[in-house]
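Computation of the quantities below employed the complete heavy-atom set of this structure, encompassing side-chain atoms and omitting hydrogens, waters and symmetry-equivalent molecules. Per chain, numbering begins at 1; letters A, B, ... match sequence-line order.
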Amino acid sequence: MKRPSGMARPLRITRALGAVRPRGRPVPPAAPVPGEVLAEAEGLTVRLGAREVLADVGVRVRAGEVLALVGPNGAGKSTLLSVLAADLPPTAGCVRIHGRPASDWSVPELALRRAVLPQSASLSFPFTVGEVVRMGRAPWTSVRPEDDGAAVAGAMAATEVTGLAARPFSALSGGERARVALARVLAQCAPLLLLDEPTAALDLRHQELVLRLCRERALAGDAVVVVLHDLGLAAAHAHRVAVLRAGRVAADGPPREVFTRGLLSRVYEQPVEVFPHPRTGTVVVLPDRAAGPSA
Amino acid sequence: MSVLEKTVREPVAPAPPRGRRTTAWLLTAGLVAGLVVLVPVAAGTGAYPVPVGDVFASVLHRSGLGGGELDRIAESVLWNVRFPRIALALLVGASLGCAGALMQGVFGNPLAEPGVIGVSSGAAVGAVAAIALGLNFAGNWTVPVLAFVAGLSTVLLVYGMSRSGGRTEVVTLILTGIAVNAFAGALIGLFLFFADTAAINQITFWQLGSLSQATWPKVLAVLPCAALGLTVAPLYARRLDLLALGERPARHLGVDVERLRIVLVLVIALLTAAAVSVSGIIGFVGLVVPHLLRMAAGPGHRFLLPGSALLGALVLLAADLIARTVAEPAELPLGVLTALLGSPFFFWLLRRTRRRQGGWA
């Protein structure tokens with residue numbers, strides 16, 4: 001007889017805490033279970049002005065997985081990413097982050113759950129690289145500030161920007177800026193990483209470095225969504241690719257299954273060749289230059 | 001090469017910009033020391049000189065800590081003329097400096113300043129309207145209240161017009177400022193046209209900017225606005241730093257950008273209106289002061305906001321001291337003086353930035 005009442009009390013307390021939570025400190029998420037769905041979109045439609053940018057899109061992002069979003073310019077990759085980041089409310093459909101509708105999270109709670117790398121990094125005032133990376137720790141100041149030093153140092157070392165720490169951000173080259181921006185995103189230590197073209201400004205070596213980092217984070221249990229233009233990079237590093245075309249998902253699956261000559265030629269309106277790498281067997285995608293553009 | 005590899009492999013905590021932090025502390029100490037020296041000097045200097053020792057004696061006497069009473073004229077000069085004027089200079093300077101730093105942070109743009117983008121003249125329209133129309137619905141507070149309302153609507157107007165797609169474009173911002181300044185000038189001109197002689201004199205004072213009308217009631221009218229604004233502003237320093245990354249990235253880092261902006265726009269309007277309502281338009285303090293500090297101690301707002309308030313107070317106190325002593329027995333309008341010194345500095349700033357990064361595109 002006593003047991004149920006004893007059980008009821010902690011329940012009531014957690015409920016009360018839940019009600020208070022948005023005003024008090026944001027609670028950091030528990031470490032995700034491998035395979036757990038960290039972000040999910042269903043029947044997603046986004047209309048910007050009169051244009052339908054996304055139409056009935058469904059994707060799932062799981063912990064322990066690198067998901068690459070590929071597709072031609074204007075296919076809706078960045079829009080999908082900003083909807084998953086809870087930046088843009090969808091016109092129709094629903095987005096869940098860590099199992100809860102995106103709009104139910106407060107801004108500080110979201111900051112502990114997802115980190116976003118924008119397509120271009122800008123800065124209004126001449127902060128140094130070290131200060132910029134440290135900004136990534138802002139969500140944690142009221143939660144767990146003691147990890148700041150290690151997280152910042154780790155992120156800067158991983159992106160090879162430690163030596164730039166004292167330089168003003170505005171004095172860096174495009175590629176260096178991109179890596180510093182990535183370091184800031186990594187320092188945020190969110191279980192869901194949303195990266196919009198992290199390799200666009202990078203040289204060969206750093207492109208590889210960044211995607212290796214994505215895989216490492218996935219291996220450590222995080223979920224990584226990355227917008228890529230280089231299909232070879234996507235094939236080599238992503239666990240799963242979603243091919244977008246004109247606001248719809250044309251294909252979704254492991255790169256080996258999705259990257260076929262027919263699909264890619266149709267999606268990009270450009271004949272391509274797809275063949276396994278002679279040594280590693282990874283899918284290689286090249287434009288079929290002998291064929292010329294299709295009508 | 002080996003050094004490079006080592007730094008890559010071993011995650012060593014990056015040295016926080018210690019130089020900047022030391023500079024910030026030194027600057028704070030220097031600014032406070034400057035104020036401590038300049039206040040008694042300013043109190044003693046003028047048409048009726050009072051030795052600095054006597055200034056201290058009088059202050060100690062009034063606060064019941066010993067000292068000694070001065071003769072009647074000296075007491076009256078100090079307590080009815082100089083001290084309210086100094087208090088007003090400090091409050092107005094701190095408000096303008098802090099409002100400038102806030103505005104540059106909120107707009108993410110080093111050119112934003114209450115004077116440049118027309119907020120000061122907007123607030124002045126409110127104040128001038130109150131004088132010219134002889135409004136008196138809130139007693140002593142009528143002018144500050146109207147200045148605040150007009151200043152706030154100008155901030156909102158400029159803010160709304162100069163933003164598109166989540167960012168402020170410099171060209172639009174400046175053009176909006178020109179338009180707002182011209183419109184406010186026209187309104188002030190209209191009020192001048194319809195005002196009587198007494199009101200015209202008072203309005204002219206607004207346009208030139210001056211602290212010569214300082215009284216204790218004026219100090220008390222400004223004090224709550226300035227105190228509230230100066231207390232609230234530093235609470236948002238960290239979030240303003242994050243806003244430098246852009247609106248979306250700041251949101252990704254947990255900043256409720258919409259709320260931050262609304263609160264800070266209100267604070268800016270409060271500080272600017274408080275300053276403008278008692279001193280008229282005093283340009284360039286809000287623009288130049290944060291720039292100087294950013295060059296010296298970096299752009300971090302945790303120092304920049306209180307630092308700009310301190311340096312603003314110091315600059316305005318010094319400027320007012322010069323304005324009332326340099327052409328004795330006449331008095332230069334303070335706004336004229338700050339613009340006279342501020343505009344060449346601003347010009348130099350533009351050239352320097354242009355040389356360094358090819359201008360503010």
Segment of A/Thr141 engaging chain B (4.5 angstrom heavy-atom cut-off): side chain
Min side-chain heavy-atom separation A/Val59-A/Leu80 under 4.5 Å: yes
Note, A/Leu117 side chain near A/Asp196 side chain (heavy atom, < 4.5 Å): no
Validation row: A/His237, A/Val66 side chains within 4.5 angstrom (heavy atoms): no
Greatest number of heavy atom pairs closer than 4.5 Å to chain B - which of A/Ser122, A/Ser124, A/Ala86: A/Ser124
Part of A/Pro118 within contact of chain B (heavy atom distance under 4.5 Å): side chain
Ionic contact status for A/Arg205 with A/Glu160, cut-off 4.0 Å: yes
B/Asp241/B/Arg238 salt bridge by N-O under 4.0 Å criterion: no
Structural part of B/Arg239 lying under 4.5 Å from a heavy atom of chain A: neither
Which portion of B/Val257 sits near chain A, non-hydrogen atoms under 4.5 angstrom: neither
A/Arg137 portion near chain B, given a 4.5 angstrom heavy-atom threshold: neither
Geometric class of the A/Trp105/A/His98 ring pair [parallel <30°, tilted 30-60°, perpendicular >60°]: perpendicular
Region of A/Val129 that comes under 4.5 Å of a non-hydrogen atom in chain B: neither
